[in-house]
Every structure is written in structure tokens, then in C-alpha cells.
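Quick notes on the structure that follows.
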Amino acid sequence: MPVKTLLSKNKQGHLALRFLYSKIAPARVYIKGDALQAARASNIISSHYIRIMHSNILLLAIAFFVALTQALPLERRVGNINILVKSASQFCSYLPPNPGQPIAEAEGSAVPFCTQVQASGTRQFPSGFIVSAHYKSTSTYTQVTGRIDRSKYKLSASDGGGQYDNKNEIGGKCNGWGHWVNLVEPDSNIFCIRCCENSSDCNLGRSEYGCQSVVPGDYS
């Protein structure tokens, strides 16, 4: 083939390649640009998704903690409150924190009510709630037994009562002793509390027998 003809064909081929490249290159750049934008968008979406996941995990953790604290009220520390049972005019009895709340329902969350406000965390009995109180003391225990007017704290006449003691009101003391037992029986309008130096004087395992069995005394 003549040299001129070969050069001419080579020139035409070169021009054709240049023309083809001019069409392909922008498309390739365009594709690269789309991929880059897609990658950036993917990163943004991923970051946003991760933030949402972290927020959801935090909310779930908070919800779980709240549910846990609400579901475990049975052993509540009463802040190491030391109530005093010193006479028929100076004593306390635990009651539910809210008027009308069943006695047994508040076991583990009861509040000490007293004839006079004593330590921080105690309240005063509603006016007229204590109808009578009889005090007894020995070398190892003190007690008060008597009658109440359930209506003064909106307690139900059908409420058979319940027992508060040093095992369910953790941290509470009475006269500085770590053993005490306290029953309130709205249906019978009676109450009792005994504070003991020795656990043997405070029988915590007979709540179903009521005040007159657990804390024998004067209920007139």
C-alpha cells in the first residue's frame, strides 16, 4: 500500500478514535460524578440512620429504666428514718402515702405518720385519725395499741389491713432499734406498733393473725 494512502488511513483512524473518545469521556466523567454523589448521599443517609438508631437505643434504655423502677417497689429504702414510740402521746404508725390507698398495697412504700412530726420524711396523723392509744414498755420493747377512725384518711371499711415492718420498709428504725412490727386494720378500726431490741420480741411472721395476736395489748 502506498505510504500516502497508509498515512491517510491512519489519520482518518486517529480522527475517528478522537471523535469516539470525545463522546465516551464525558459520559465516563458523568458516571463517575453520579457515583460520587451517590456515595456522598449514602454516607449522609448512613450517618442519619446511625443517629436515629442511637436515639432509639437511648429512648429504649430510659423506658426500660423507668419500667424497672416502677415494677420493683417492694423493697424501698425509707431513708434510715428512726421513728420514736415513747408514750401514748408520742408515737408513730406507718400508713400508705396516699389517702384511701389499701394498707397492704403500700407494703414497701409506706410513710411514717406521727402524733408530732419527728424526723425528716415523717408526717403528722390526720386530725381525728387516732381515737385511742395505750402505751406499754419493757426493758426490750415498747409498743402502742389502740383504735383509729379510718374515715379520717379515707381508708375502706372492707380493707382487712396489712403489716409494715423492718423487712419491707428497709432502713427504718424504731427507738434506735432495727426490729419493729406495725399493723393497721381499717375494717376493725385498730392499729398496733411494737419496737424491739431483739428480733424475738417482734414476730413478723404472723401478719394474717392481726394486731391482737402479733401485738397483744389494750384495744379499747
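Computed from a predicted model, the values in this text were never measured in an experiment. The figures that follow rest on heavy atoms only: side chains count, while hydrogens, waters and symmetry mates do not. We count residues from 1, following the sequence as given.
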* side chain to side chain contact (heavy atoms under 4.5 Å, CB included) assessment of V181 paired with V214 -> CA-CA 8 Å; V181 60; V214 177; 4.0 Å; yes
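- Aromatic ring centres of F191 and F129: separated by at least 6.0 Å.
- With T122 contributing its side chain and Q118 its backbone, the two residues share a donor-acceptor pair below 3.5 Å.
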* Asked: Going through the checks in order, is the disulfide (SG to SG under 2.5 Å) test met by C202 and C195?
  -> CA-CA 7 Å; C202 279; C195 311; over 6 Å; no
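- Taking 4.5 Å as the limit, every side-chain heavy atom of W180 sits out of range of all side-chain heavy atoms of K173.
- In this structure, I190 and T145 have side chains that are not in contact, with every pair of non-hydrogen atoms separated by 4.5 Å or more.
- The side-chain heavy atoms of T115 and F91, taken from C-beta on, include a pair separated by under 4.5 Å.
- Put simply, SG on C192 and CD on Q163 are 8.0 Å apart, with the number rounded to the nearest 0.5 Å.
- The hydrophobic clustering, which links ILVMFWY residues whose side-chain heavy atoms are closer than 4.5 Å, places L84 and L95 apart.
- Using modelled atom types, one finds a donor on one side chain and an acceptor on the other under 3.5 Å when comparing S220 with D218.
- Among H134, R194, K136, the one residue that satisfies the side chain to side chain donor-acceptor pair (under 3.5 Å) test with Q143 is R194.
- A disulfide bridge does not connect C174 to C92: their SG atoms sit 2.5 Å or farther from one another.
- Following chains of ILVMFWY side-chain contacts shorter than 4.5 Å, one can reach V85 starting from V111, so the two form part of one hydrophobic cluster.
- Here the side chains of K152 and S127 are not in contact, with every heavy-atom distance at 4.5 Å or above.
- Contact between A104 and G161 at its shortest, heavy atoms only, is CB-O, 4.0 Å.
- Side-chain atoms of N182 and S93 form a donor-acceptor pair, as typed in the model, at a separation below 3.5 Å.
- Remark: side-chain polar atoms of E169 are paired, donor with acceptor, to backbone N or O of G108 under 3.5 angstrom.
- Atom OH in Y141 sits 12.0 Å away from atom CG in N198 (nearest 0.5 Å).
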* Derivation and outcome, side chain to side chain contact (heavy atoms under 4.5 Å, CB included), residues I83 and I193 -> CA-CA 11 Å; I83 61 174; I193 183 167; 3.8 Å; yes
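- Across every non-hydrogen atom of R150 and P186, the tightest pair is NH1-O, 2.8 Å.
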* **Check against side chain to side chain contact (heavy atoms under 4.5 Å, CB included), D149 and I130** => CA-CA 6 Å; D149 181 349; I130 299 296; over 6 Å; no
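- Between F113 and Y153, the gap from one ring centroid to the other is short of 6.0 Å.
- In this structure, L155 and I103 have side chains that are in contact, with non-hydrogen atoms separated by less than 4.5 Å.
- Remark: the T142 side chain and the N175 side chain contain an N/O donor-acceptor pair separated by less than 3.5 Å.
- The NZ atom of K86 lies 12.5 Å from the OG atom of S89; values are rounded to the nearest 0.5 Å.
- One distance of note links CD of Q212 with CG of L183; it measures 11.0 Å at 0.5 Å rounding.
- Rounding to the nearest 0.5 angstrom, the gap separating the CG atom in N168 from the CD atom in E107 is 5.5 Å.
- With contacts defined as side-chain heavy-atom distances shorter than 4.5 Å, the pair F125/I148 does not qualify.
- Going from atom CH2 of W177 over to atom OG of S199 covers 13.0 Å, rounded to the nearest 0.5 Å.
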* Just do the side chain to side chain contact (heavy atoms under 4.5 Å, CB included) check on Q90 and Y135 with the steps written out, would you? => CA-CA 10 Å; Q90 185 184 14; Y135 177 73; over 6 Å; no
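- Under a hydrophobic-cluster definition in which Ile, Leu, Val, Met, Phe, Trp and Tyr are linked whenever side-chain heavy atoms come within less than 4.5 Å, directly or via other members, V144 and Y219 are assigned to different clusters.
- Here the side chains of D187 and D159 are not in contact, with every heavy-atom distance at 4.5 Å or above.
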